[in-house]
Amino acid sequence: MIFNLSSSKTLVALAVASSVMLAGCSATANTSSSQQSALPATKVAAVVNTPANVGSQNITLEQAMADPDWMGNKPENAYWAADSSTIIYAQKQQGSTLRDVYSQPVTSQTAQQVALNKLHTVGSSKAVYSKNKMLAAYTFKGNVFVKNLKTGELKQITATSASESKPQFLNNGDLVYRQGNVFFKVDLKTGLTTELANLKLADEPKGLQEPSSYIAKEQHKLIEFVALQQKNKQDKQTRNKQINEQNSSIANTSYYLGDGNTVKEVQLSPNGDALIVVVQKQQSWRGEGDIMPNYITNDATIEPKKARRRVADAKEQTSELVYINLADKTQKTLSFDTLPGFDEDVLAKVKKENYARDGKTYKSEKTPRGINLIMDWGFEQSPIVWNDDGSQVAIMLEAWDNKDRWIATVDFESNKLVSQHRLHDDAWIAYAFNNFGWLHNSNTLYYLSEESGYSQLYKKPLSGKATALTQGKFEVSNLTLTSDNSAIYYKANVEHPGLYEIYRVDPQTGNNEQVTDLNGMTDYTLSPDESKLLLNHSTIMKPTELYVADAKANTTAKQLTHTVSDEFLAKKLTAPKIVAVPSSHTDQPIYAKVYYPSDYVEGETGKTRKAVIFNHGAGYLQNSHMGFSVYFREFMFHSLLADEGYIVMDMDYRASKGYGRDWRTAIYRQMGTPETQDLADGVKWMAQNANVDTKAVGTYGGSYGGFMTFMALFTAPELFQSGAALRPVTDWAHYNTGYTANILNHPDVDPIAYERSSPIYYAEGLNKRLLINAPMVDDNVFFQDSVRLVQRLIELKKQNFETAIFPVEPHGFVQPSSWLDEYRRIHKLFKETL
């Protein structure tokens with residue numbers, strides 16, 4: 001099938017030859033391409049047209065760092081009401097952290113604030129629908145509500161001080177909800193509530209025990225009273241058991257999952273007759289010494305705030321997968337030993353290298369790996385998914401070492417897992433692109449996989465091979481299947497890595513269609529009746545607003561909200577150009593935003609320019625896209641710098657999101673090295689294309705960007721004249737497990753990777769001006785990171801660094817005064833050094 005793009009975009013001003021398809025990760029399951037959509041080659045854009053500069057009022061540093069209320073408060077957490085004709089969203093109050101809820105018909109430009117006493121009536125983004133689509137169920141403040149979509153009647157099902165959650169309609173029309181680890185079923189016709197299952201984190205009671213020791217046996221033999229007491233207790237226990245088994249009015253629903261365990265996830269079958277439960281040994285998220293002092297408190301004391309465990313202290317965990325048959329009240333543990341590679345020594349090469357450094361020899365042996373549910377940062381679905389009739393269940397699992405992902409089903413007769421798909425990556429499995437599910441009324445799975453080098457969509461019948469439904473050098477995400485199986489909607493950056501639109505594919509034919517054509521960053525939610533799309537859309541120069549469109553190919557969107565302030569629109573802000581910087585180390589270019597001064601003339605000679613490179617945070621994040629940046633303060637700061645004559649570059653260095661698997665994993669076991677190489681290419685490009693003096697370039701960034709600032713100044717000291725590191729990582733062994741262990745393995749296995757990637761080991765390389773801005777109540781990157789590096793710099797007798805501390809700030813600064821102080825220091829640094 002041919003992907004038919006009817007877009008009339010003029011985004012790409014200059015295109016060069018197609019870049020080479022990336023590869024590098026593989027799936028064990030074979031993939032058939034007989035129905036793959038043949039997508040047009042993705043062009044590499046050298047320059048992308050972006051909007052012109054807008055407004056006439058110059059931005060000041062004070063305004064850029066002020067409370068963002070002045071920009072207008074965008075709609076938040078928008079979702080469809082059950083009627084598919086009304087949008088519900090929250091909006092921050094001016095001058096307050098409180099949010100108000102608004103209701104807006106899609107036919108109107110006016111929203112109405114929902115009164116506090118009516119908040120329970122507007123539904124939820126997590127509402128679920130009955131099989132006949134006549135009823136919607138949701139929770140509000142821990143209580144369950146059911147709405148009749150035909151009559152509009154709203155019925156409150158629970159009104160308790162406990163917290164009910166996760167409503168679910170069964171195939172017979174009954175409603176199920178959870179109260180902790182207890183499942184309740186409600187017959188909506190009679191109102192009868194029945195306990196389905198009570199998952200107890202305890203060992204099963206042993207009941208009355210017969211005497212076992214010598215003296216106990218003799219006691220029962222010699223003392224008639226003791227023997228009689230034992231008999232009476234036994235009779236009572238037997239009678240209670242008979243009543244529970246023979247009297248249907250009594251709930252007999254306890255299932256024991258073991259003392260010291262915790263339930264990680266549980267899913268009830270749509271027939272209400274089976275549960276899949278995942279349990280782990282309970283483990284504290286911290287150690288006793290993991291504290292963070294808070295010096296600014298209400299009572300002027302020092303508060304020892306609890307902090308998370310470091311990756312260096314993490315211990316391997318594995319889960320237990322339990323199948324509970326509620327019909328015959330049996331429970332069985334499903335072993336992982338049927339998963340291909342469950343006992344492979346996938347880190348043998350890494351271990352061998354680390355052993356050899358210590359003069360030891362590593363001997364590889366097979367041993368069961370820790371296996372748990374997949375961890376996906378953006379998951380809004382469960383890693384356990386039943387098909388419609390409850391005959392099959394799919395579970396997405398991941399190895400503790402982050403090298404394998406499995407989609408497995410269950411052979412209930414043989415009580416074993418059946419691997420449907422294995423995705424192996426020598427680096428790590430992405431913590432995104434893990435959406436999966438079942439086509440309705442079928443035994444066919446659909447899922448995302450990076451096996452081609454990019455996240456693409458596949459389908460697979462249980463007894464057959466997988467088929468690619470999309471194919472190309474772009475990333476597919478955010479899947480929504482329609483109830484009739486006619487389409488799977490998805491988000492993708494098909495036309496340019498930084499341009500995201502909505503598409504859909506027919507899972508039967510593989511025919512793909514473009515749905516939106518809005519030129520920016522677009523997310524979507526399909527309406528309950530599947531006739532419309534709610535769109536969150538932004539452009540480089542304009543923050544997110546809500547739009548609505550018919551759910552069809554080449555749709556036209558209508559803007560619903562207009563929340564951006566006139567004051568913001570009046571500001572003179574520099575529209576960055578997105579350029580493709582040639583890379584010295586890869587076939588792909590490095591996409592970057594470039595902010596030019598207003599007096600800059602292309603090809604100018606004579607006067608040379610000074611420049612700043614900004615390093616975005618998170619590592620795996622994309623900022624050189626065509627939507628409004630999450631770094632809105634930095635966007636305004638860069639406009640201010642451009643007004644002062646600086647060239648400013650904002651690079652999507654290797655490890656950034658949006659560019660495929662090889663780009664994502666380029667930093668495996670060497671964080672900081674590929675990124676610094678990309679920064680060097682950025683400086684070179686600015687010298688050749690923007691008249692920049694390479695001896696007048698500075699760099700800065702926060703979090704991962706702060707880490708990159710350190711690595712650049714320490715390992716390539718001639719590249720920049722100065723740098724500012726904000727809330728920076730200095731030693732990856734002190735960061736968290738979920739992020740770090742993917743990229744660097746675990747410190748006890750791969751210390752080489754941590755030493756190779758942590759700035760504290762390279763501090764002797766500093767010979768240029770460095771500013772360290774460190775928040776003190778940062779529970780993400782600990783203040784200790786900066787403290788340890790400062791001590792190292794002191795011991796190395798370095799004189800060209802300074803530190804600013806921010807006593808009340810967490811990782812993401814909150815107070816405008818702190819933002820202003822921080823960026824005044826950065827601004828001053830560049831003025832003095834460039």
Side-chain angles (χ1 to χ4, degrees), residues 126 139 142 162-168 176-184 195-206 253-269 274-291 306-311 313-326 329-336 339 342 368-377 379-386 393-402 405-406 408 410 417 431 434 736-742 746 779:
K126 296 182 179 179
T139 60
S163 181
E164 285 85 33
S165 65
K166 301 186 182 300
Q168 173 185 351
V176 172
Y177 63 84
R178 285 178 62 180
Q179 194 180 92
N181 288 325
V182 184
F183 286 74
F184 294 96
E195 187 174 289
L196 273 182
N198 185 348
L199 306 180
K200 292 182 176 290
L201 298 172
D203 295 330
E204 186 171 2
K206 295 180 179 179
T253 65
S254 294
Y255 297 91
Y256 294 89
L257 300 174
D259 186 40
N261 284 337
T262 183
V263 174
K264 300 301 292 185
E265 177 66 353
V266 55
Q267 286 294 317
L268 176 70
S269 75
L275 287 167
I276 295 290
V277 188
V278 178
V279 296
Q280 275 184 353
K281 286 295 180 185
Q282 194 161 22
Q283 185 182 82
S284 174
W285 60 280
R286 60 182 295 274
E288 286 302 312
D290 295 329
I291 60 170
K306 294 180 179 180
R308 52 125 179 105
R309 178 179 286 109
R310 296 157 175 80
V311 63
D313 299 323
K315 302 300 180 185
E316 179 173 302
Q317 272 192 301
T318 194
S319 296
E320 182 180 356
L321 198 57
V322 181
Y323 167 61
I324 298 176
N325 187 320
L326 300 178
K329 301 189 181 302
T330 58
Q331 65 184 74
K332 299 175 181 178
T333 297
L334 303 170
S335 173
F336 295 130
L339 299 177
F342 84 99
R369 300 154 72 185
I371 296 176
N372 304 286
L373 290 176
I374 189 77
M375 183 191 75
D376 187 297
W377 288 5
F379 245 7
E380 292 187 358
Q381 68 161 95
S382 170
I384 304 171
V385 184
W386 290 88
V393 65
I395 307 157
M396 186 173 280
L397 300 160
E398 181 183 27
W400 167 259
D401 53 49
N402 309 303
R405 184 196 81 179
W406 296 271
V410 179
L417 293 177
Y431 23 75
N434 295 305
N736 67 34
T737 305
Y739 180 88
T740 319
N742 284 281
H746 288 83
D779 60 0

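Below, each value reflects all heavy atoms present in this structure, side chains not excepted, and no hydrogens, waters or symmetry copies. We number each residue from 1, following the sequence as shown.
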Grab the two heavy atoms, one from [X] and one from [Y], that are nearest each other, plus how far apart they are.
X: Gln168; Y: Ser269; value: NE2-O, 3.6 Å
X: Gly258; Y: Asp203; value: CA-OD1, 3.5 Å
X: Tyr256; Y: Glu204; value: CG-CA, 3.5 Å
X: Glu398; Y: Met375; value: OE1-N, 3.5 Å
X: Thr737; Y: Ala314; value: OG1-CB, 3.3 Å
X: Trp400; Y: Lys315; value: CH2-O, 3.2 Å

Handout entry: salt bridge (Lys or Arg N to Asp or Glu O under 4.0 Å) involving Arg310 - partner list, sequence neighbours excluded
Key = Asp290
Exercise for the section: Begin with the C-alpha distance, continue with both residues' side-chain angles, and end with the deciding distance and a verdict on side-chain contact (heavy atoms from CB on, under 4.5 Å) for Val410 and Leu417. Expected result: CA-CA 5 Å; Val410 179; Leu417 293 177; 3.9 Å; yes
Problem - Partners meeting ring-ring contact (aromatic ring centres under 6.0 Å, His included) with Phe342 (sequence neighbours left out) - result: none
Problem - Flag, side chain of Asn198 to backbone of Thr253, donor-acceptor distance under 3.5 Å - result: no
Practice task
Output yes when a side-chain donor or acceptor of Arg309 lies under 3.5 Å from a complementary backbone atom of Arg286, and no otherwise.
Solution key: yes
Practice task
Would you check if Phe336 and Thr318 make a side-chain contact, meaning some heavy-atom pair closer than 4.5 Å?
Solution key: yes
Handout entry: Heavy-atom side-chain proximity of Val266 to Phe183 below 4.5 angstrom
Key = yes
Exercise for the section: Begin with the C-alpha distance, continue with both residues' side-chain angles, and end with the deciding distance and a verdict on side-chain contact (heavy atoms from CB on, under 4.5 Å) for Leu275 and Leu196. Expected result: CA-CA 10 Å; Leu275 287 167; Leu196 273 182; over 6 Å; no
Handout entry: Between Glu265 and Ser382: side-chain donor-acceptor atoms closer than 3.5 Å
Key = yes
